[in-house]
> 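What follows is a single structure, and I will ask about it in a moment.
In what follows, every heavy atom counts, from backbone to side chain, and hydrogens, waters and symmetry copies are set aside.
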Amino acid sequence: MLLPGLLSLGASIALVGYPRWSNVLELQRLTLAVAALLVGALRGRAMRLASDRVNKAAALRNAVDGIVVAAVQLGLAVVNLALDIMAGGLNALTPTFELILITAAAYLLGRSVTLWIHVRTSADVELLPR
């Protein structure tokens, strides 16, 4: 539950931080990331979840948003890379791509953390037959 959000955030921080790591700490980026983190946490809390701790399984309903956000994030990273290669360096749209990628990563992290906590505290149901 926690891994997708952490991997997404790590990849986005690496993209934004290279070549100057001080870019990650800019107030605009952090503000947007915190807002997206809160939206992701609200989404994670609103999702219907069933957890089977004995078999270490969880079932989510209507969880397609995570796949869509991750696919958009991947697509934008590839487009940004292609534009950088064609420009021979950073292109003019890189800051825009970075903001979108950080927003997507923060949303996924908020959603992942909330679901991870929800799995640990929800009622145990048997999802897999024994």
> Quick one: CD on Glu98 to OG1 on Thr103, what's the gap to the nearest 0.5 Å?
11.5 Å
> With the side chain counted from C-beta on, respond yes when Val78 and Leu74 share a heavy-atom pair under 4.5 Å apart, and no when they do not.
yes
> So which heavy atom on Ala36 is nearest to which on Ala106, and how close?
CB-CB, 3.8 Å
> Got a second to check how far Leu30's CG is from Ile102's CD1, nearest 0.5 Å?
8.5 Å
> Quick one: do Leu108 and Trp116 end up in the same hydrophobic cluster if we chain Ile, Leu, Val, Met, Phe, Trp and Tyr together by side-chain heavy atoms under 4.5 Å apart?
no
> Do Met86 and Val79 sit in the same hydrophobic cluster, where Ile, Leu, Val, Met, Phe, Trp and Tyr count as joined when their side-chain heavy atoms come under 4.5 Å apart?
yes
> Supply the atom-to-atom distance Leu32 CG to Tyr107 OH, rounded to the nearest 0.5 angstrom.
14.5 Å
> Quick one, Arg111 and Val69 - any side-chain contact, counting heavy atoms below 4.5 Å?
no
> A side-chain contact here means heavy atoms from C-beta on lying under 4.5 Å apart; do Leu93 and Asn80 qualify?
no
> Nearest 0.5 Å, what's the CG-CG distance between Leu101 and Leu76?
6.0 Å
> Check for me, please, whether Val39 and Ile100 land in the same ILVMFWY cluster - side-chain distances under 4.5 Å, paths through other members count.
no
> To the closest 0.5 Å, what do you measure between CZ (Arg43) and CG (Leu38)?
16.0 Å
> Can you tell me how far the CG atom of Asn62 sits from the CZ atom of Arg48, to the nearest 0.5 Å?
8.0 Å
